[in-house]
Number of protein chains: 2
Amino acid sequence: MRRSAPTSQDVARLAGVSQSTVSYVLTGSRPISPATRRRVEDAIEKLGYHPNSGARALRSRRSGVIGLMVPEAYGSDAVLMRFVGAVAREAQRFGYDILLVTAQEGARGIHRVVRTGVCEALILMEIGRHDERVAAVVESGLPFVLIGKPVDFPNGSVVDLDFERLGRMVVDRGLELGCENLLLFGEPGHRRHRNDVSRFLLGVEEQSRSTGLNVVLDAGDLPEVPRRARDLAASGGRTAVFGLSGVTEVLFAIAATGALEEPGLQVIALTDEDLAAISPLLATVPRVDPRRVEISERAVRELVRLLREEGATPRVTLVEPEWVQGGASRGSGVGGGGAGGHGSDGTAIEAGGAAEDSGADGTGEIGET
Amino acid sequence: MRRSAPTSQDVARLAGVSQSTVSYVLTGSRPISPATRRRVEDAIEKLGYHPNSGARALRSRRSGVIGLMVPEAYGSDAVLMRFVGAVAREAQRFGYDILLVTAQEGARGIHRVVRTGVCEALILMEIGRHDERVAAVVESGLPFVLIGKPVDFPNGSVVDLDFERLGRMVVDRGLELGCENLLLFGEPGHRRHRNDVSRFLLGVEEQSRSTGLNVVLDAGDLPEVPRRARDLAASGGRTAVFGLSGVTEVLFAIAATGALEEPGLQVIALTDEDLAAISPLLATVPRVDPRRVEISERAVRELVRLLREEGATPRVTLVEPEWVQGGASRGSGVGGGGAGGHGSDGTAIEAGGAAEDSGADGTGEIGET
DNA sequence: CTGAAAGCGCTTACAG
DNA sequence: CTGAAAGCGCTTACAG
């Protein structure tokens, strides 16, 4: 039943060439005549040959495997799998496999996969403000990308949603919709220590200060949100309701039932398009897409760039949130300029030598060199 | 910055032994004197040595990597990540890493990871009724485990929730709560083709037939569920409401807002404990835990058994759903006997040589030999 | 209880 | 444009 897999030796024999020629056809590191190439490719096809990954890794020091360090699941982790799936698919496109490393393993996990050589590059998710893993991955010397931008990060590639801009966008949209208040739920206050939340709040506070929108954090536990919203609207005027974090999507099922469908309330949703499809009523409110698939794919492509481009330097890419419904597309429809700290022309603003690109198309750009 | 990792040669030199002795200490495949072992271990510690995975895999044909074939994300995939995370953590415990293979790759993906030798075993999720991957994985000769039991499966290890029993449990609980109707949502009708749904419906139909509970499928789209439930209760009497699939958890946020809190309605929730924590009101309804972490862990342990036990035969393990709230624990509180097709004493009922264990503790058992 | 040596299947200088 | 050969770092018979 389990015959051992064919080797390049078998392919060479069948094609009538040397074993090294088979290897050269595969790696492309030497010109091969069309006729020879053809014979080798036919033999490969006929035998169903795949190069042994252990031998290849041992010899070339390239395993073809990217380590993905995933955070411990917390609350509703629908969000997490969206990243993981997209990373795996995009890596596949470039011929890489994804190996899971759990956050639980910490810096030791990074050392392990580096030392064993099982991974030739790493993607880390949800880096905290003072995270031992950053030092570990930098020290490892392997190419790496962070999904999720720490507030302060010395040098290295990052791909993340532009949360600060998201904050400004939500404030602007609330104003545009004639609201006097913005009620935030999903515990943004409690989770201020999280990089994404703190950056989001930075944007909200900045933009609300300059525009006069009244912002209320901490709407309380989930079931209390509708009541808090109604109270706020009754006492303080028209109120926009917005929730951050993975909890949001669950919460919007609430909105979908009509609990928040009242004249004085205006829901703004942060949700993936396909999740929106679950609840038809979500189609009626302005939605902003957190672009998780886009971010995951860009993270992989950035890593591939670092792996394949000689002397490539790390890059910070902030992807713009995108209005899907109830606003201009591309995220640039509302107060695009704002009081933002980064330009829209590719200005480098990061310390430590990393360049931040924010292309004219509303997302950071990764240049091909 | 990136000095190359130390080798077993380096360890041997430092410990003053031969390179093979280092290897024997690591593999444990030969008795080593305590003194020598000690010196080797110290050297390993001092150098931070980890054996090169490529070399090890090349020589031993054991990569230490388990492939996990994950389904394409659909709808709310919170559920998926719960499996993936638990599988990764449990594999870690046994010294294995998890490599993601996307369902998108299909049978070709299985051939690839088998032929390259990158995986030495496989876990497959969400096998369909006629799935090309089953033939591929059987033919590969690698040890494998399915998470999710196809209705008909020839021979091989399976770990899954006992969906048939879940069906019976829900019917019994509904009756116990004085209901005359059971409204099922989460599109159980449309998704009848899915293995889990069809097995669940089998249990529901069987038990409702023998008890006279009126079962209604297809409660419609999410937002319509509360109205349908109220209508049913008004015309037909007290109604239990139960939803299958990942959508359930989102839906229960609806219940949590009180949309289903009416005298004639009785919500029964299928949800992980930690998700229940999001919504305090969930604590007030009977909940049944789909035991995803338990299933994932058992899948890994079953695979480890196949990998390490000489001549181990595949085994089918059905994990019992567990009442968490509003019922006896351990799932055996309600109609434990039922009209079920499997005993509670470890009787083998599967065709094709696979044995089904259903231990007295309410879950299938994996014996250590 | 330990060592010297072969060899897993590749990639890549070295040669022609 | 192609081949013969070294060697990546292990594991595991073969020897003592």
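The sequence lines fix the lettering, A, B, ..., with proteins before strands; numbering per chain opens at 1.
Heavy-atom distances under 4.0 Å link DNA chain D to T27(B), R30(B) of residues 25-40 of chain B, given in residue order. Within residues 9-20 of chain B, the residues having any heavy atom under 4.0 Å from DNA chain D are, by residue number, Q19(B), S20(B).
Looking at R93(B) and E90(B), a side-chain N of the basic residue comes within less than 4.0 Å of a carboxylate O on the acidic one, giving a salt bridge. Here E302(B) does not pair with R298(B) in a salt bridge; the nearest charged N to carboxylate O distance is not below 4.0 Å. Under a 4.0 Å N-O distance rule, the pair K46(A)/D42(A) does not qualify as a salt bridge.
Heavy-atom minimum distance, E132(B) versus G106(B): OE2-CA, 3.6 Å.
Contact annotation: R61(A) reaches the phosphate of dG9(D) (side-chain N/O to OP1 or OP2, under 4.0 Å). Applying the 4.0 Å criterion to OP1 and OP2 of dT2(D), one finds that T21(A) has every side-chain N and O outside that range. When the side-chain nitrogen and oxygen atoms of R56(B) are compared with OP1 and OP2 of dT12(D), none of them lie within a distance under 4.0 Å. At least one side-chain nitrogen or oxygen of Y49(B) sits closer than 4.0 Å to the OP1 or OP2 atom of dC10(D).
Counting non-hydrogen atoms under 4.0 angstrom, S23(B) reaches a base of the nucleic acid.
A stacking contact between Y24(A) and dC1(D) is absent: the pair does not combine a ring-centre distance of less than 5.5 Å to the base's six-membered ring with planes differing by less than 30°.
Remark: the R59(B) side chain and the dG9(D) base include no donor-acceptor N/O pair separated by less than 3.5 Å.
A donor and an acceptor atom, one from each side chain of S20(B) and S23(B), are nowhere located under 3.5 Å apart.
Between the side chain of S63(A) and the backbone N or O of V118(A) there is at least one donor-acceptor pair closer than 3.5 Å. Without hydrogens or angle criteria, R30(B) side chain to T21(B) main chain gives no donor-acceptor distance under 3.5 Å.
Rounded to whole angstrom, the span from the CG atom of N52(B) across to the P atom of dG7(D) amounts to 18 Å. To the nearest angstrom, P of dC10(D) lies 12 Å from CZ of R115(A).
Annotation: the span from T317(A) atom OG1 to D160(A) atom CG amounts to 10.0 Å, rounded to 0.5 Å. Rounded to the nearest 0.5 angstrom, L124(A) CG and I147(A) CD1 are separated by 9.5 Å.
Base pairing of dG3(C) is made with dC14(D), judged by Watson-Crick or G-U wobble geometry with both donor-acceptor distances under 3.5 Å.
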